[in-house]
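For reference, the structure discussed in these notes is given below.
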Amino acid sequence: MKSKLRKNLLYVMSFFFKELNHVNSEDIIGIGKYKFFTQFIKSKLQGRKGIYSLMPSSSTIIDSKNITIKGELKNSNLIRSLISSRLYIQAINGIKFDSSLLIGPDVKIISANHDFNNYDNWVKCSPIIIKKNVWIGANAIILPGVVIGNNCIIGAGSVVTKSFEDNCVIGGSPARIISKRN
């Protein structure tokens, strides 16, 4: 009975808040319905729009217009990660995500560095690209221009400063290939 009530509540709220169409009731229960709705209202009050209003208010997102998401968002790992993780995402030079991306807590994805000669300016570089079925462990940091191949695992606490091909297990600071996945 409670499950049906939750689904009906989500359906009604989705009519007013279109970003809730990407979420199912199981995603919400995973972090607690009161916590989810509280963080959703706080994010809306902060002026977040679209799917970024699903993020907790403790998450930071800079230049969300430069983020491209490929794939279906409904029931995706990316939506679950945005809802449940405290993240820092800076997309000044652009970030391209696949919706199958799983992100742990306290991850930082930074697409631009400051200009060494003038800290008020940003250095132009390629966007960060994170491909299909990538898992980013807690407290990992991904820096500008990095391309992460399909099916990679980035270990907790890793600092990713260069690109990696498909099927790698990556870890360390700076990150390096620990092993290959079959």
Side-chain angles (χ1 to χ4, degrees), residues 5-114 120-136 138-148 154 160:
L5 185 63
R6 279 195 312 264
K7 287 179 184 175
N8 289 338
L9 176 63
L10 186 59
Y11 176 76
V12 170
M13 288 192 67
S14 297
F15 183 74
F16 297 103
F17 302 107
K18 298 299 180 205
E19 45 277 291
L20 293 176
N21 289 326
H22 301 294
V23 180
N24 71 42
S25 60
E26 299 306 314
D27 294 337
I28 292 171
I29 294 309
I31 67 160
K33 63 184 174 189
Y34 299 115
K35 182 178 178 182
F36 172 79
F37 287 114
T38 301
Q39 80 183 27
F40 178 70
I41 299 297
K42 282 182 181 177
S43 286
K44 287 301 251 181
L45 291 172
Q46 287 178 339
R48 289 192 184 157
K49 296 181 176 128
I51 64 166
Y52 307 110
S53 62
L54 300 172
M55 297 172 73
S57 58
S58 57
S59 291
T60 301
I61 186 161
I62 299 169
D63 270 357
S64 62
K65 67 184 181 306
N66 292 332
I67 297 175
T68 306
I69 299 171
K70 182 179 176 186
E72 178 60 40
L73 284 173
K74 180 96 174 163
N75 302 320
S76 70
N77 285 333
L78 181 58
I79 284 294
R80 289 183 191 105
S81 297
L82 292 177
I83 290 171
S84 62
S85 299
R86 185 172 58 226
L87 306 172
Y88 177 85
I89 301 173
Q90 182 254 69
I92 291 169
N93 282 324
I95 300 174
K96 297 178 182 180
F97 289 132
D98 191 273
S99 63
S100 63
L101 172 65
L102 181 62
I103 307 174
D106 297 315
V107 167
K108 292 156 187 66
I109 302 172
I110 303 165
S111 72
N113 285 320
H114 289 280
D120 294 332
N121 294 332
W122 299 98
V123 177
K124 280 280 193 203
C125 74
S126 302
I128 294 173
I129 300 172
I130 303 175
K131 296 184 179 176
K132 289 184 179 181
N133 300 317
V134 172
W135 173 18
I136 303 173
N139 294 309
I141 300 170
I142 299 175
L143 296 175
V146 167
V147 176
I148 304 294
I154 300 172
V160 183

>> If I take atom CG from residue L78 and atom CD1 from residue I69, how far apart are they, to the nearest 0.5 angstrom?
In response: 5.0 Å
> If every non-hydrogen atom of P144 is compared with every non-hydrogen atom of A112, which pair is closest and at what distance?
Replying inline: CG-N, 3.6 Å
>> Measuring from atom OG1 of T68 to atom CD1 of I95, what distance do you get when rounded to the nearest 0.5 angstrom?
In response: 9.5 Å
> With respect to I154, which candidate in I103, V107, I148 satisfies the side-chain contact (heavy atoms from CB on, under 4.5 Å) definition?
Replying inline: I148
> If you look only at pairs with a residue in residues 61-110, which of them pass as a ring-ring contact (aromatic ring centres under 6.0 Å, His included), with sequence neighbours excluded?
Replying inline: none
>> Could you work out, with side chain to side chain donor-acceptor pair (under 3.5 Å) as the rule, every residue matching N133, not counting sequence neighbours?
In response: N151
>> Strictly by salt bridge (charged side-chain N to carboxylate O under 4.0 Å, His left out), give each pair with a member in residues 100-114 just once, sequence neighbours left out.
In response: R86-D106
Using a 3.5 Å cut-off and no angle test, enumerate the donor-acceptor pairs between side-chain atoms of residues 121-130 and protein atoms at least two apart in sequence or in another chain.
none

>> Show, in sequence, the C-alpha distance, side-chain angles and deciding distance for I89 and I67, and conclude whether the side-chain contact (heavy atoms from CB on, under 4.5 Å) test is met.
In response: CA-CA 9 Å; I89 301 173; I67 297 175; 3.8 Å; yes
Distance-only check: which donor-acceptor pairs under 3.5 Å involve side-chain atoms of residues 56-64, not counting sequence neighbours?
unit_1 : atom_1 : unit_2 : atom_2 : d
S59    : OG     : S85    : O      : 3.2
S59    : OG     : L87    : N      : 3.0
D63    : OD1    : K65    : NZ     : 3.1

>> Which residues pass the side chain to side chain donor-acceptor pair (under 3.5 Å) test with K44, not counting sequence neighbours?
In response: E19
>> Let's go through R48 and M55 carefully: what are the C-alpha distance in whole Å and the side-chain angles of both, what is the deciding distance for side-chain contact (heavy atoms from CB on, under 4.5 Å) to 0.1 Å, and is it a yes or a no?
In response: CA-CA 9 Å; R48 289 192 184 157; M55 297 172 73; 3.5 Å; yes
> Would you say N77's side chain and L101's backbone share a donor-acceptor pair under 3.5 angstrom?
Replying inline: no
>> Nearest 0.5 angstrom please: I92 CD1 to Q90 CD, how far?
In response: 4.0 Å
> Does the S43 side chain pair with the main chain of L54, one donor and one acceptor, at a distance under 3.5 Å?
Replying inline: no
> Can you name the residues that form a side chain to side chain donor-acceptor pair (under 3.5 Å) with S99, not counting sequence neighbours?
Replying inline: none
> Among all residues two or more places apart in sequence or in another chain, which pass the salt bridge (Lys or Arg N to Asp or Glu O under 4.0 Å) test with D98?
Replying inline: none
